Participant: 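I'd like to ask some things about the structure below.
Values in this document were obtained by computation on a predicted structure and should not be read as measured data.
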Amino acid sequence: MLYYHGSPKVGLTILKPFLCADSNLQKPCVYLTSNRALAALYIWNRPFRWMNYGIREDGVPVYTESFPGALSTFYSGVRGCVYTCRGNYTENGTGISVVVVSEEPVPVEATEPIDDAYKELLRLEDAGELVIRRYESLSEEQLEAQNTMILREIRQENLLRRPESPLSLFLQERFPTLWERAKKQMLSEAPK
């Protein structure tokens, strides 16, 4: 079966297992997907990941902006590749239905250079292979769900105790009100 892997790294011939900090897996793996559009979302050049997406029942990824212009901010001008691989992988453990993992290196069968990830994601949206929910179109309920997700991320990643990490700095800059709210929650929960 064909699988895809998106990366900002160009010229790979073998995909090597790595320990992903934001994965629930505690072992080095190569992450592959049967969905090319999802692979394109991983052409990312930041020192942290901030990808807010889900997979519809029909397998189409749905990317949700967590602030105005998020898609452009993260992807505009970013170069990388979508790598195609072949294999039989069944276990994934990631909780994402279209994702599989390999604990062994995976040979690359084909390489598709992407000159601008933002333009590629817009092309995928036009082709119906990706849904992009723009921040401005989100309902009050969806905005509150975004806030809850951001607060959960601050707590789960213990970011208040690591205020100088790249993800912490990003969240402090983009979501100062939520950052302060998280600090107040932490203080109110502290033993007295």
Side-chain angles (χ1 to χ4, degrees), residues 1-18 20-25 29-102 106-139 142 145-146 149-150 153 167 170:
M1 184 165 170
L2 287 180
Y3 291 99
Y4 306 95
H5 177 89
S7 175
K9 295 179 181 174
V10 176
L12 299 177
T13 57
I14 300 281
L15 304 177
K16 296 181 181 175
F18 64 97
C20 183
D22 58 353
S23 171
N24 60 342
L25 303 178
C29 297
V30 176
Y31 295 80
L32 304 162
T33 177
S34 56
N35 188 298
R36 188 193 166 287
L38 180 58
L41 282 171
Y42 281 84
I43 300 174
W44 184 270
N45 68 353
R46 301 281 177 126
F48 60 86
R49 294 220 192 276
W50 191 255
M51 294 177 205
N52 185 10
Y53 71 84
I55 306 295
R56 285 192 329 206
E57 283 185 28
D58 62 0
V60 174
V62 178
Y63 175 92
T64 302
E65 288 188 317
S66 53
F67 59 90
L71 191 75
S72 175
T73 297
F74 290 131
Y75 293 100
S76 187
V78 177
R79 297 175 58 107
C81 292
V82 172
Y83 295 100
T84 303
C85 307
R86 190 177 301 274
N88 294 313
Y89 307 98
T90 54
E91 299 268 334
N92 77 36
T94 64
I96 305 170
S97 63
V98 295
V99 172
V100 297
V101 297
S102 172
V106 176
V108 170
E109 187 172 291
T111 301
E112 180 185 356
I114 304 295
D115 290 329
D116 186 320
Y118 178 66
K119 289 178 182 174
E120 176 62 10
L121 295 173
L122 293 179
R123 186 193 71 73
L124 291 165
E125 179 186 36
D126 287 343
E129 297 174 41
L130 173 68
V131 173
I132 300 170
R133 292 190 330 181
R134 277 134 180 117
Y135 182 84
E136 297 81 7
S137 71
L138 300 179
S139 68
Q142 291 168 325
Q146 291 291 309
M149 182 264 308
I150 293 164
E153 183 77 8
L167 180 55
F170 162 73

Participant: Can you find a heavy atom in the side chain of V78 that is under 4.5 Å from one in the side chain of W44?
Facilitator: no
Participant: Taking Y75 for the side chain and L41 for the main chain, is one N or O donor matched with an acceptor at less than 3.5 Å?
Facilitator: yes
Participant: Do Y53 and L130 come within less than 4.5 Å of each other through their side chains, counting heavy atoms only?
Facilitator: no
Participant: I'd like to know if the side chain of T84 reaches the main chain of E109, judged simply by a donor and an acceptor atom lying under 3.5 Å from each other, with no hydrogens or angles considered.
Facilitator: no
Participant: Work out which heavy atom in A37 is nearest to a heavy atom in L124; give both atom names and the distance.
Facilitator: CA-CD1, 3.8 Å
Participant: Strictly under 6.0 Å, is that where the ring centroids of F170 and F74 end up?
Facilitator: yes
Participant: Looking at every non-hydrogen atom in both residues, tell me the closest pair between V101 and C29 and how far apart they are.
Facilitator: CB-CB, 4.0 Å
Participant: Is there a side-chain contact between L71 and L122 in this structure, where contact means two heavy atoms from C-beta onward sitting under 4.5 Å apart?
Facilitator: yes
Participant: Once rounded to the nearest 0.5 Å, what's the spacing between atom CE of M51 and atom CG of L38?
Facilitator: 9.0 Å
Participant: Do the side chains of Y63 and E125 get nearer than 4.5 Å, heavy atoms only?
Facilitator: no
Participant: Quick check: does any side chain N or O of S72 sit under 3.5 Å from a backbone N or O of G69, one acting as donor and the other as acceptor?
Facilitator: no
Participant: Write down the atom of D58, the atom of V60, and the distance for their closest heavy-atom approach.
Facilitator: OD1-N, 3.1 Å
Participant: Of all the heavy-atom pairs spanning N88 and M1, show the shortest one and how long it is.
Facilitator: OD1-N, 4.1 Å
Participant: Under a 4.5 Å cut-off applied to non-hydrogen side-chain atoms, are F67 and Q146 in contact?
Facilitator: no
Participant: Would you say that T73 contacts R46 through its side chain, given a criterion of any heavy-atom pair below 4.5 Å between the two side chains?
Facilitator: yes
Participant: Are any side-chain N or O atoms of N45 and backbone N or O atoms of P8, one a donor and one an acceptor, separated by less than 3.5 Å?
Facilitator: no
Participant: Does E65 use its side chain to pair, donor to acceptor, with the backbone of Y135 at less than 3.5 Å?
Facilitator: yes
Participant: Does the H5 side chain pair with the main chain of A39, one donor and one acceptor, at a distance under 3.5 Å?
Facilitator: no
Participant: Compare every heavy atom of G80 with every heavy atom of V10, then report the nearest pair and how far apart it is.
Facilitator: CG2-CA, 4.3 Å
Participant: Which pair of non-hydrogen atoms, one from L12 and one from S7, has the smallest distance, and what is that distance?
Facilitator: CD1-OG, 4.4 Å
Participant: Just wondering, do Q142 and T64 contact through their side chains at under 4.5 Å, heavy atoms?
Facilitator: no
Participant: About how many Å separate NZ of K119 and CD1 of I114, when rounded to the nearest 0.5 Å?
Facilitator: 12.5 Å
Participant: Would you mind reporting whether L15 and L32 have side-chain heavy atoms less than 4.5 Å apart?
Facilitator: yes
